[in-house]
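Below, chain A is the first sequence line, B the second, and so on; all start at residue 1. In this text, all values refer to a predicted model and were calculated from it rather than measured experimentally.
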There are 2 protein chains.
Amino acid sequence: MNSVKEYKSASYKTGKIRKDNEIVIREAAEQEFAEFGFKGASIMSIAKRANVPRPNIHYYFKNKQELYNAVLMDILALWNKAFTEFTAEDEPAEAIGNYIRLKLMYSRCYPTASKIFANEILQGAPHLNTYLNNDLRVLLAHKTAIIQGWIDAGKMDAIQPYYLIFFIWGATQHYADFGIQIKSALGKEELSEEDFEEITANLIQIITKGCGLVK
Amino acid sequence: MNSVKEYKSASYKTGKIRKDNEIVIREAAEQEFAEFGFKGASIMSIAKRANVPRPNIHYYFKNKQELYNAVLMDILALWNKAFTEFTAEDEPAEAIGNYIRLKLMYSRCYPTASKIFANEILQGAPHLNTYLNNDLRVLLAHKTAIIQGWIDAGKMDAIQPYYLIFFIWGATQHYADFGIQIKSALGKEELSEEDFEEITANLIQIITKGCGLVK
DNA sequence: TGAAAGCTTAACACTACTGTCAAGTAAGTA
DNA sequence: TACTTACTTGACAGTAGTGTTAAGCTTTCA
């Protein structure tokens, strides 16, 4: 099992073709899952999006569940990365501003990932129980402790740290998940980089000022 | 067709049994659509939730689409009601505070409605094109004009009115749509009325102060 | 009380989708 | 080149779900 020969043979198996095809299928699956959630998505439709015969998908991923898991794990990795950003040593105004900027950048660059996550939560998070009750909870407890530290040090107003985080999440993710509504309301086909810069500036201004971090 | 007799006969038709059954089915459908969206929902599963044989649903609603439309129309009526609240004559601090309070109340009292709307938007709003491009756009233009008036009168900071509205939507709806994540993060089974009051107070404080409406 | 309207239900035909298999083709390596 | 492994594809069986029908039951009210 662990001989050099076996290892080599394994590396042949996971060759370029497999890698490429997996990516194409994953991307098609992301679109489908983002729109319809796990239950509403169909392998047939994913196959059409990916432009491959349906059985190919089963060749690369055992079933719908496994394909979904693969996609979801990628997203969680991305999500965790967006979260490990500010520390107790940072100045709160800058740290919170950067966090908002980062979250909005994610909404702009990875709206599909955000939508899949939203769908998963709407469906009652059946595949994310472990994540929500462990990883996320720990990360969140850490962040809120930092914010509480800033409050105790008199650096900002006494806001419930959890609610501050939820405010940032809600306001920033809205631009990915409700993108269509926003575009429609603004009468735009797409939001440009400049639009996002303006949104970022507005949101940072409201929140930092609202927390007593700037005048 | 319009004779008194016909009218009377029509009123017999829509009797108590029909009314009651329609409500039971509608409520079951709301739950199902909130979790799975239009495509992911199944009439079979709605029938089980409502505790009626499946064909009964077809007796009251022609098909899945019509049932969904009925549910969605109720929600839009509710949504519009949540929107017709502040006017140019109001003091901005109070008006915006009240709007945030109202939106959070909706998230608390009608989370299912909020989730159905979220699902619809995530699926690309195929049934809401008309609403988004007409009703909503008009309402929104009206509200943003009022906010712009307050800004021009020097009553508040120069925030893009559209973005202010979107912040409020995102931050408030988050408590309905992402309720599970929030409960999980806070380690609570349910959010109490007191929790919502605290959330409301925090959010109003951040936003009104952040807009330069209070010190 | 009985006729008409309203409601329920089992059964049917049909479609969409899933997962599997076996036979085939293409790619990679000794 | 010959052999092995990787990949593709059409065909199949099975399940879940939809919408319809026809027959039976219940309620209403003249």
task = Give B:Asn63 one of three labels, base, sugar-phosphate or nothing, depending on what nucleic acid heavy atoms sit under 4.0 Å from its own.
result = sugar-phosphate
request  = Provide, to the nearest angstrom, the distance between the CZ atom belonging to A:Arg18 and the P atom belonging to D:dT5.
outcome  = 15 Å
task = Using only side-chain N and O atoms of A:Tyr59, determine if any of them is under 4.0 Å from OP1 or OP2 of D:dT8.
result = no
task = For A:Pro53, answer base if it contacts any base atom (sugar-phosphate contacts may also be present), sugar-phosphate if it contacts only those atoms, and nothing otherwise; contact means non-hydrogen atoms under 4.0 Å.
result = sugar-phosphate
query = Within this structure, what is the CD-to-P distance between A:Glu32 and C:dA16, rounded to whole angstrom?
reply = 15 Å
ask   = Between A:Arg18 and A:Glu22, is the closest basic N to carboxylate O distance under 4.0 Å?
value = yes
request  = Assign B:Tyr60 to base, sugar-phosphate, or nothing according to its heavy-atom contacts below 4.0 angstrom with the strands shown.
outcome  = sugar-phosphate
message = If you compare every side-chain N and O of A:Asn21 against the phosphate oxygens of D:dT8 (OP1, OP2), does one of them come in below 4.0 Å?
response = yes
Out of D:dT18, D:dG10, C:dT18, whichever nucleotide has its closest atom nearest the side chain of A:Ser42 = C:dT18
key: Pair A:Arg101 + A:Glu94, salt bridge at N-O below 4.0 Å   = no
key: Integer-rounded Å distance: D:dG17 C1' and B:Phe61 CZ   = 19 Å
query = Are the charged groups of A:Glu120 and A:Lys115 less than 4.0 angstrom apart, N to O?
reply = no
task = Flag the pair B:Arg108 and B:Glu197 as a salt bridge only when some basic side-chain nitrogen lies within less than 4.0 angstrom of an acidic carboxylate oxygen.
result = no
remark   = note: B:Lys48, atom NZ; D:dG17, atom P; distance rounded to Å ~ 7 Å
query = When the distance from NE2 of B:His58 to C1' of D:dA22 is rounded to whole Å, what number comes out?
reply = 16 Å
ask   = In whole Å, what is the span from the CG atom of A:Asn56 to the P atom of C:dC21?
value = 17 Å
ask   = Using 4.0 Å as the upper bound for N to carboxylate O, is an ion pair formed by A:Glu32 and A:Arg49?
value = yes
ask   = Whole Å only: how far is the CG atom of A:Asp20 from the P atom of D:dC7?
value = 10 Å
query = OP1 or OP2 of D:dT18 sitting under 4.0 Å from any side-chain N/O of B:Arg54?
reply = no
Whole-Å distance separating the CD atom of B:Gln65 from the P atom of D:dT18 = 13 Å
key: Among C:dA11, D:dT18, C:dT20, the nucleotide that comes nearest once only the side chain of A:Pro55 is considered   = C:dT20
